[in-house]
Q: 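This is the structure I want to talk about, given as C-alpha cells.
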Amino acid sequence: MKHLLWFSGFLTLLLAGDRLGGLLLQRQADASLFRYSRLYRGEAGADLLFVGNSRGLTFYQPFIEEKTGLRTFNMSYNGLPADLAGVLVQDYLDRYPAPKKMIVDITLCDRSNDALIAAFLPFAGRSFRLDSLIHSKLPEIWRAGRVSALYRFNGEVFQRVLYHRNKTDSDWLLDRVVAPQLAAEAGGRSYDLEVHPDLVGQLQALVDSASKKGVTVELVISPYFPSFQVKNLDALKVAVEQATGLPVHDYRQALENPAFFGDFMHPNKAGAGAYIDLLLKDRVLPAE
Amino acid sequence: MVFNSLSFLIFITVFFPLYFGTRGRMRMGFCLLASYVFYGWWDWRFLALIAFSTVMDWWFGLWISYLDAPDATLKRCDAGSPALRNFGKFTAIVARTGWGRKAVLVSSMCMNLGVLGFFKYFNFFVENITSAFSAAGLTPSWATLNIILPVGISFYTFQSMSYTIDVYRRQIDWEPSLLRFATFIALFPQLVAGPIVRAADLLPQMRSDRPFVWHNLYSGSGRVLWGFFKKVAIADSLAPFVDQVFEAPESFGSLHLLIGVVFYSFQIYCDFSGYSDIAIGLARMMGFGFPENFRTPYFSRSFSEFWTRWHVSLSSWLRDYLYIPLGGNRQGAWATYRNNMLTMLLGGLWHGANWAFVFWGLLHGVFLILQRTVAPVWRRFVHFTRLPGMLNQVIEVAVVYSLTLLAWVYFRSGSIGLAGGDSFSTANRVISGIGSLEGFNMGAVVNKFQVVKGFLLIGILLAIELSNIRYHWNVRQVQRPGFRMAAFAVLLWLIAFFGTFGSNAFIYFQF
C-alpha cells in the first residue's frame with residue numbers, strides 16, 4: 001500500500017512540477033524580446049517584412065531602418081523552411097496591418113527542417129496554424145508536447161527566447177570574416193541545394209496570401225561567397241519564378257570582396273551593408 | 001533494440017511482470033528468449049552466431065572439466081537432462097583424441113577470436129596486407145567482403161572467452177546447465193555494450209531465483225533514470241556539435257575545435273557510462289549485481305588510475321587475461337613497458353578495425369610508460385617545492401585529462417575511418433587547428449547556444465557526480481521515499497527539458 005501511495009505521490013509531483021515549470025517557461029516565451037515572442041505578442045508591426053533562412057538574417061534591420069526610415073520585422077531563422085515560413089507569414093498577416101513590402105530569400109525552399117518545426121512548440125499554443133503544422137508533420141513530437149509541458153521548451157528556439165529575454169534580436173547577424181585559409185579553398189567547395197516542389201509550392205502560397213493582402217512581394221537570392229559553387233540554384237530560381245510569376249532578383253555574385261563574408265553562405269555585417277545598398281539602388285527596398 | 005526507444009519501453013513493460021511471474025527453468029528460459037528477442041530485433045540472423053559461440057564455449061568448458069575430473073564430470077552430466085547426458089558421452093568420446101587441457105583452451109580461443117576476427121577484422125587485414133604488397137611493388141587482387149559487423153560481438157565474445165579461461169584456470173566450475181550459460185551470455189541488459197560480466201560474478205547469482213525486492217526496484221530504476229539522463233540529455237545533446245567539428249574541422253576556429261573535443265570527451269563518457277548505468281540498473285531490478293564500469297574517470301590523477309576508472313570491465317579483462325599472463329610488472333622495467341604497450345594496443349584494436357583506434361591505444365601505452373618514468377621525478381618536485389596537496393591534485397588531474405583529450409581526437413576520428421573517411425587526416429586537422437590558436441576567442445565560436453547548453457549539462461553532471469562521492473545519492477533515494485520522489489521527478493524534468501529524442505544509437509554499439 002505504501003508503495004502505491006508513493007507512486008501516486010510521485011506521479012502527482014511529476015505532473016504538477018511539469019505543468020508549473022511549463023507555465024513559467026511559457027511566460028518567458030511570451031514576454032521575451034525575441035522575434036517570434038514579439039510576433040505573437042502583437043509588437044511586431046512593420047512596414048517591411050523579411051523572410052528567409054540564416055541567409056535572410058543578412059537583411060540587417062538597423063541598417064535598413066536607418067536608410068529607409070521604415071519599421072522592419074525580420075522573421076528569418078537558421079534553416080527556416082518554406083512551410084514554417086508560410087505559417088509565420090500568415091500569422092503575421094492575420095495579426096497586423098499589411099506591410100508595404102515583403103522581401104523573401106528564395107533559398108528557404110532548399111530543404112525541409114522538421115527539427116526546427118519541432119523547436120517552435122513554445123509558440124504552438126499561440127497559433128493554431130503552427131499547432132496544426134507540428135501535429136501533421138511531427139505527430140509524436142506534438143503528442144510528447146501534450147504529455148510534458150517542459151518538453152515543449154526543449155529546443156534552440158526557446159534558448160534564444162531566454163537569451164533575448166531583455167535584449168533585442170534586431171542586430172542578429174554573423175559578425176566575423178571568413179578565415180583566409182578557408183577563403184582560398186572557396187573555388188573547390190560547393191553546396192548542393194535541393195529543389196523540393198512541395199516547398200516551392202509553399203513559397204507560392206506564401207506569396208499569394210501576402211499579395212491578396214496588398215503586400216508587394218520581392219523575391220531575392222542573397223549573395224554567396226565569390227567563386228563558391230551552389231548547385232541547382234538556377235533550377236530553384238526557374239521553379240520559383242514559374243510558380244509565383246514574380247522575378248527573382250539574383251544577387252548571388254553581387255559581392256566580390258571576401259571580407260564581406262563570415263563563411264561561404266553568409267555575408268557578415270559589412271557584407272549586409274553593401275548588399276542593402278544594392279537592394280536600395282535596385283529599388284527592391286524603398287528608399288527614404 | 002536500443003534502450004532509448006519506444007520498443008524497449010514496451011519490451012520491459014512486458015518483460016518484468018513475466019520475469020517475476022515465472023520460476024526456475026521457466027524463468028531462465030523466458031529470460032533467454034527475451035534476450036534473444038532483444039538482440040534479434042536488430043538483426044535476427046546473428047542469433048545463430050551468438051548461439052553457436054554459446055554452445056561451443058559451454059562445450060569447451062565441459063571438455064576441460066572432463067579432462068580435469070572425468071568421473072565427476074560424467075556423474076554431473078548423468079544427473080542432468082538426457083541432452084546433457086549425451087553431451088557428456090560425446091565429450092568422453094572426443095576426449096579419446098588425447099588433446100590436453102591447453103589444446104582445448106587454445107581451440108576455444110581460436111574459435112572465439114576466429115569469429116571475431118572474421119566479422120570485425122577480415123577486411124581490415126585484407127586491405128592492409130594488400131597495401132603492404134602494393135608498397136612492395138606487387139599487385140595482389142584479394143577482394144574484401146561485404147561483412148556486417150554483428151552488434152555487441154566484441155562484448156559477448158570476451159565474456160564467453162573469460163568463462164573458458166576461468167574454467168581452464170580452475171577458478172570456476174564448469175556450468176552444467178546450457179540454458180543458464182546461454183542466458184548468462186545473452187542477458188539483455190549487458191549483451192550489446194557491456195559491462196563485460198565474468199562468469200564468476202554472474203553465474204552463481206543465476207543459480208537461484210532472484211525474488212522481487214522493492215529495494216532493488218527503486219535502486220535499479222534510479223540508476224536507469226540516471227543513465228537515461230546521461231545518454232539522452234547530455235551525450236545526445238553534445239553529439240551534433242561534436243559531429244560538426246569532426247566533419248569539417250577546417251571550418252572552425254581553434255576555440256571551437258577545442259570545445260568540440262572537450263564535448264566529445266563528455267559525450268563518449270555519458271553515452272557509454274549511461275549505457276552501463278542502464279544495464280546495471282536493469283540487472284539490479286532483476287535481482288542481479290553487475291560490476292561497476294565507470295568511476296568518475298576524468299578525475300584520475302594518473303593513467304594507471306584512469307584505467308581503473310574507465311571501462312573497468314574491459315580494462316580488468318585485459319589486465320587479467322593479457323597483461324598479467326604476459327608478466328605484468330614483475331619482470332623488470334622494459335618488460336613492463338612492453339606489456340603495457342601490448343595491452344593498450346590490443347585494447348585499441350578491440351574497439352575497431354582502424355589504425356586510429358590502435359594509435360589511440362598506442363598513445364595510452366605511451367602515457368602509461370611516461371607516467372612510470374616521470375612520476376618519481378614529479379613526486380620529488382612536489383616534495384621539494386612543498387606544493388600544496390590540492391594544487392598538486394588539480395595539476396595531476398588536468399594533465400591526465402588534457403592528454404586523454406588528445407587521445408580522444410584519434411579515437412573519434414577512428415569512427416570516421418570506419419565510415420570510410422580518412423581518420424588520421426581528420427585527427428591531424430583537428431589537432432593542428434587547435435594548435436594554430438587562430439580564432440581562439442568566443443567571437444569565432446559558432447552555435448553558441450549549443451555551447452552554453454553543453455557546458456550547463458556538463459556542470460550538472462559534474463556537480464551530481466562529485467557530490468555523489470560524499471552523499472551517495474542512490475543509497476539515499478532508496479532509504480528516503482520523499483527524497484526519491486523529488487530526485488526521480490527532477491531527473492525526468494531534466495530529461496524532458498534537455499533530452500534529445502530519436503533513438504540515437506549508443507556509440508559503443510559499433511564496437
Side-chain angles (χ1 to χ4, degrees), chain A residues 2-3 5-22 25 54 78 114-115 118-119 138 140-141 143-145 147-164 174-185 189 262-266 268, chain B residues 5-6 212-215 217-218 221 225 232-233 236-237 240-241 248-254 256 429 432-433 436 438-439 441-454 456 477 480-503:
Chain A
K2 68 175 183 181
H3 296 291
L5 274 175
W6 180 88
F7 191 67
S8 311
F10 167 66
L11 272 186
T12 309
L13 174 69
L14 183 68
L15 288 174
D18 178 75
R19 293 299 184 271
L20 184 66
L25 297 179
S54 56
N78 298 335
D114 287 351
L138 306 159
E140 286 181 10
I141 301 277
R143 273 194 288 276
V147 173
S148 167
L150 285 172
Y151 176 72
R152 286 178 221 154
F153 303 91
N154 173 348
E156 191 195 282
V157 169
F158 184 70
Q159 290 165 23
R160 289 189 188 274
V161 161
L162 290 182
Y163 181 71
H164 292 288
L174 197 62
D175 193 16
R176 67 170 189 216
V177 178
V178 65
Q181 189 190 352
L182 195 61
E185 298 170 11
R189 299 291 193 87
D263 55 38
F264 296 146
M265 311 271 281
H266 304 98
N268 56 22
Chain B
S5 66
L6 184 63
F212 176 80
V213 181
W214 284 101
H215 175 284
L217 178 73
Y218 290 137
S221 48
L225 272 182
V232 177
D236 289 350
S237 294
F241 192 92
E250 60 285 345
S251 303
F252 303 105
S254 58
H256 187 104
R429 278 181 290 152
S432 61
S436 73
E438 276 179 31
N441 57 72
M442 273 314 284
V445 175
V446 293
N447 300 326
K448 291 191 184 69
F449 287 94
Q450 284 182 14
V451 173
V452 171
K453 182 182 176 184
L456 179 65
Q477 67 93 356
R480 299 180 189 176
F483 175 72
R484 182 196 317 137
M485 196 183 285
F488 281 23
V490 168
L491 275 177
L492 285 168
W493 293 334
L494 287 173
I495 290 171
F497 188 63
F498 288 113
T500 301
F501 303 92
S503 303

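Here is the naming used below: chain letters follow the sequence lines, and residue numbers restart at 1 for every chain.
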Q: Between B/Leu217 and chain A, which part of the residue has a heavy atom less than 4.5 Å away: side chain, backbone, both or neither?
A: neither
Q: Does CD belonging to A/Glu140 count more than 12 external heavy atoms closer than 6.0 Å?
A: no
Q: Given the options A/Tyr151, A/Phe10, A/Trp6, which has more heavy-atom pairs under 4.5 Å with chain B than any of the others?
A: A/Trp6
Q: So, for A/Glu156 and B/Phe449, which heavy atoms are closest and what is the spacing to 0.1 Å?
A: CG-CB, 4.2 Å
Q: Taking A/Asn154 for its side chain and B/Thr500 for its backbone only, find out whether a donor-acceptor pair lies under 3.5 Å.
A: no
Q: Can you label the angle between the A/His3 ring and the B/Trp214 ring as parallel, tilted or perpendicular, going by 30° and 60°?
A: parallel
Q: Taking only residues two or more places apart in sequence or in another chain, which ones pass ring-ring contact (aromatic ring centres under 6.0 Å, His included) with A/Phe264?
A: A/Phe225, A/Phe228
Q: Is it true that, when you exclude B/Phe212 itself, more than 12 heavy atoms of the residues, nucleotides or ligands shown sit nearer than 6.0 Å to its CZ?
A: yes
Q: Quick check: closest heavy atoms across B/Phe497 and A/Phe153, and the distance to 0.1 Å?
A: CE1-O, 3.4 Å
Q: Calculate, to the nearest 0.5 Å, the distance between atoms CD1 and CG belonging to B/Ile495 and A/Leu150 respectively.
A: 12.0 Å
Q: Measure the spacing between OG of B/Ser251 and CZ of A/Arg189 and express it to the nearest 0.5 Å.
A: 5.5 Å
Q: For each of A/Asn78, A/Asp175, A/Leu14, tally heavy-atom pairs with chain B at distances under 4.5 Å, and name the one with the top tally.
A: A/Leu14
Q: Less than 4.5 Å to any heavy atom of chain B: does that hold for the side chain of A/Leu25, its backbone, both, or neither?
A: side chain
Q: Measure A/Arg160 against the heavy atoms of chain B and call it side chain, backbone, both or neither at under 4.5 Å.
A: both
Q: Can you tell me if CD on A/Gln159 sees more than 12 non-hydrogen neighbours from other groups inside 6.0 Å?
A: yes
Q: Looking at every non-hydrogen atom in both residues, tell me the closest pair between B/Trp493 and A/Leu13 and how far apart they are.
A: CZ2-O, 3.4 Å
Q: Quick check on A/Phe7: does its CZ atom have over 12 non-hydrogen neighbours (other residues, nucleotides or ligands) under 6.0 Å away?
A: no
